[in-house]
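These notes concern the structure reproduced below.
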Amino acid sequence: LIAAPEVRKRAVGALLLRRYINGPQDLTITDTGSAETRRMWAGLGGETATLASISWTRVFRPCLLAAARLLERHRTRAIGYPVRGLCSALDAVIVRAAGSLFRTEPPEVSAETLTVEMFLGHFPELTGPLRLHPDYNHAYLKWLFQELPRSGYPGKLVKRLVRDGDRVLGWYLYYLQSRGISRVLQILSRERDLGRVLDHLLHDAESNGAAALDGRVEPRLLESLWRRRCILRYTGESLMHSREAEVIGAALSRQALLTRMEGE
């Protein structure tokens, strides 16, 4: 929602949001809701998706993570290189002393680059038990895979299909930022294989120099994240609205796939 500064006190944002929510769509979502947006959203009958408003972080290099948060907050690069250099040296000592607290184990499964064809070919079997998921097609997914690296989001886009021999376990997509915070877009797997896919993702990020890995909690991920020493933080940014209670129920359940790939 964007309004000219001189009319922001005239409820222009609320009028725009009401018009949008009353459109033809069955479900409206956002994953970047501010406190002001949440108040308008609630007034129009929407609600905060509580679990989806919790972000998770797995820390690999604590000093570099602190530096990354500081540099993000102050948006300065002038001191970035010396600060990161000092933090890398400190982390080498801290991580060694902490034993297995920050390290991950090498996975026993293999991975390869996820292509559009692989995604579409295995998507039906991986989403079979789900009540609600995106209906991707080839043209859209090809466009999305081309657009994501150009989005301006910090880091290199990594797309991995995870296998155990010939059997596909699932995949993950994330922005890898060496010595910074790497951010997850999507994790998809059958429930029984979720832990092994997540382990491969964590090890990939750690071994490629990430300070930490950050993602959004989805109900089906919660237990696996807790078992892997992830830190949970409430943001309140995920909002949903639908005129159909069944749609909201499905969207908030364990049988839904609504990830950052479906957000802004």
Side-chain angles (χ1 to χ4, degrees), residues 29-32 51-52 54-58 60 68 104 107 109-128 130 132-164 167-178 180-191 193-222 224-225 228 230 235 237-238 251 256-264:
I29 62 174
T30 179
D31 55 11
T32 57
L51 271 183
I54 299 174
S55 68
W56 59 268
T57 304
R58 175 60 162 87
F60 308 122
T104 61
V109 294
S110 61
E112 59 193 279
T113 300
L114 175 66
T115 66
V116 170
E117 289 72 25
M118 289 174 177
F119 191 112
L120 292 174
H122 295 287
F123 190 74
E125 64 189 83
L126 295 177
T127 56
L130 302 182
L132 183 68
H133 60 76
D135 184 18
Y136 297 111
N137 61 41
H138 190 277
Y140 172 74
L141 204 58
K142 181 180 178 182
W143 170 84
L144 185 63
F145 277 20
Q146 291 171 346
E147 193 68 19
L148 287 172
R150 300 198 297 256
S151 68
Y153 214 83
K156 171 190 173 184
L157 180 66
V158 176
K159 311 185 298 291
R160 296 269 193 268
L161 179 84
V162 182
R163 294 181 180 272
D164 182 4
R167 191 167 77 88
V168 171
L169 303 182
W171 59 66
Y172 56 80
L173 296 91
Y174 79 108
Y175 287 105
L176 170 65
Q177 190 173 184
S178 181
I181 303 169
S182 299
R183 302 191 190 277
V184 178
L185 286 174
Q186 187 180 87
I187 303 170
L188 179 59
S189 169
R190 301 174 190 86
E191 198 139 340
D193 298 321
L194 187 56
R196 290 197 286 173
V197 173
L198 189 55
D199 286 338
H200 197 286
L201 165 61
L202 295 176
H203 186 72
D204 191 84
E206 183 209 0
S207 60
N208 283 289
L213 191 64
D214 171 271
R216 191 174 73 183
V217 168
E218 299 159 40
R220 59 196 175 82
L221 297 178
L222 188 58
S224 296
L225 294 170
R228 285 155 181 82
C230 295
T235 64
E237 293 179 339
S238 185
L257 181 73
L258 289 173
T259 68
R260 281 177 171 170
M261 261 177 53
E262 283 68 65
E264 292 95 327

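Side-chain atoms are counted along with the backbone in the values below, which use heavy atoms only and exclude waters and symmetry mates.
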A side-chain contact here means heavy atoms from C-beta on lying under 4.5 Å apart; do Phe123 and Leu257 qualify? yes
Please collect all salt bridge (Lys or Arg N to Asp or Glu O under 4.0 Å) contacts where either partner lies in residues 132-141, sequence neighbours excluded, each pair once. none
Any non-hydrogen side-chain atom of Phe119 less than 4.5 Å from a side-chain atom of Leu188? no
Counterpart residues, side chain to side chain donor-acceptor pair (under 3.5 Å), relative to Glu237 (two or more places apart): none
Mind listing the side-chain donor-acceptor pairs of residues 198-212 below 3.5 Å, one per line with the distance, residues two or more places apart or on another chain?
from   : atom 1 : to     : atom 2 : distance (Å)
Asp199 : OD1    : Arg228 : NE     : 2.6
Asp199 : OD2    : Arg228 : NH2    : 3.4
His200 : ND1    : Tyr172 : OH     : 2.8
His203 : ND1    : Thr104 : OG1    : 3.0
Asp204 : OD2    : Tyr174 : OH     : 2.5
Glu206 : OE1    : Thr104 : N      : 3.0
Glu206 : OE1    : Thr104 : OG1    : 2.3
Ser207 : OG     : His203 : O      : 2.7
Ser207 : OG     : Asp204 : O      : 3.2
Asn208 : ND2    : Asp204 : O      : 2.7

Look at the side chain of Thr127 and the backbone N and O of Leu130, then say whether any donor-acceptor pair between them is shorter than 3.5 Å. no
Any Arg163 side-chain heavy atom under 4.5 Å of Leu169 side chain: no
Are the side chains of Met118 and Trp171 in touch, meaning some heavy atoms are under 4.5 Å apart? no
Contacts of type salt bridge (charged side-chain N to carboxylate O under 4.0 Å, His left out), residue Arg220, not counting sequence neighbours: Glu218
According to side chain to side chain donor-acceptor pair (under 3.5 Å), who are the partners of Thr259, at least two apart in sequence or on a separate chain? Gln186, Glu262
Mind checking what makes ring pair (Phe, Tyr, Trp, His ring centres under 6.0 Å) contact with Tyr153, not counting sequence neighbours? Tyr175
Sequence neighbours excluded, the answer for side chain to side chain donor-acceptor pair (under 3.5 Å) partners of His133 is none
Could you list all the side-chain hydrogen bond (donor to acceptor under 3.5 Å, both in side chains) pairs where at least one residue sits in residues 139-149, not counting sequence neighbours? Glu147-Arg150
Which atom pair, heavy atoms only, marks the closest approach of Ser151 to Leu148? OG-O, 3.0 Å
By side chain to side chain contact (heavy atoms under 4.5 Å, CB included) - contacts of Ser189 (at least two apart): Asp193, Leu194, Val197
Please enumerate all residues that pass side chain to side chain contact (heavy atoms under 4.5 Å, CB included) together with Pro219, with sequence neighbours excluded. Leu51, Arg254
Looking at side-chain heavy atoms only, is the closest gap between Tyr136 and Val116 below 4.5 Å? no
Hits for salt bridge (charged side-chain N to carboxylate O under 4.0 Å, His left out) against Glu117, two or more places apart or cross-chain, chain-then-number order -> none
Of all heavy-atom pairs between Gly121 and Pro124, which one has the smallest distance, and what is that distance? O-CD, 3.9 Å
Test of understanding: with salt bridge (charged side-chain N to carboxylate O under 4.0 Å, His left out), list the residues that count as partners of Arg58, not counting sequence neighbours. none
side-chain contact (heavy atoms from CB on, under 4.5 Å), that's the test. Do Leu157 and Phe145 meet it? Break it down for me. CA-CA 9 Å; Leu157 180 66; Phe145 277 20; 5.9 Å; no
Working to the nearest 0.5 Å, report the span between CG of Leu173 and CE of Met261. 5.5 Å
When every non-hydrogen atom of Ala256 is compared with those of Ala251, the smallest separation belongs to CB-O, 3.6 Å
Beyond-backbone contact of Gln177 with Arg183, side-chain heavy atoms, under 4.5 angstrom: no
Can you name the nearest heavy-atom pair linking Val168 to Arg190, along with the distance? O-NH1, 2.9 Å
Would you say Asp31 and Arg260 make side-chain contact, with heavy atoms under 4.5 Å? yes
Given side chains that start at C-beta, do those of Arg160 and Leu114 come closer than 4.5 Å, heavy atoms only? no
Heavy-atom closest contact (Thr235 atom, Ser55 atom, distance): CG2-OG, 4.0 Å
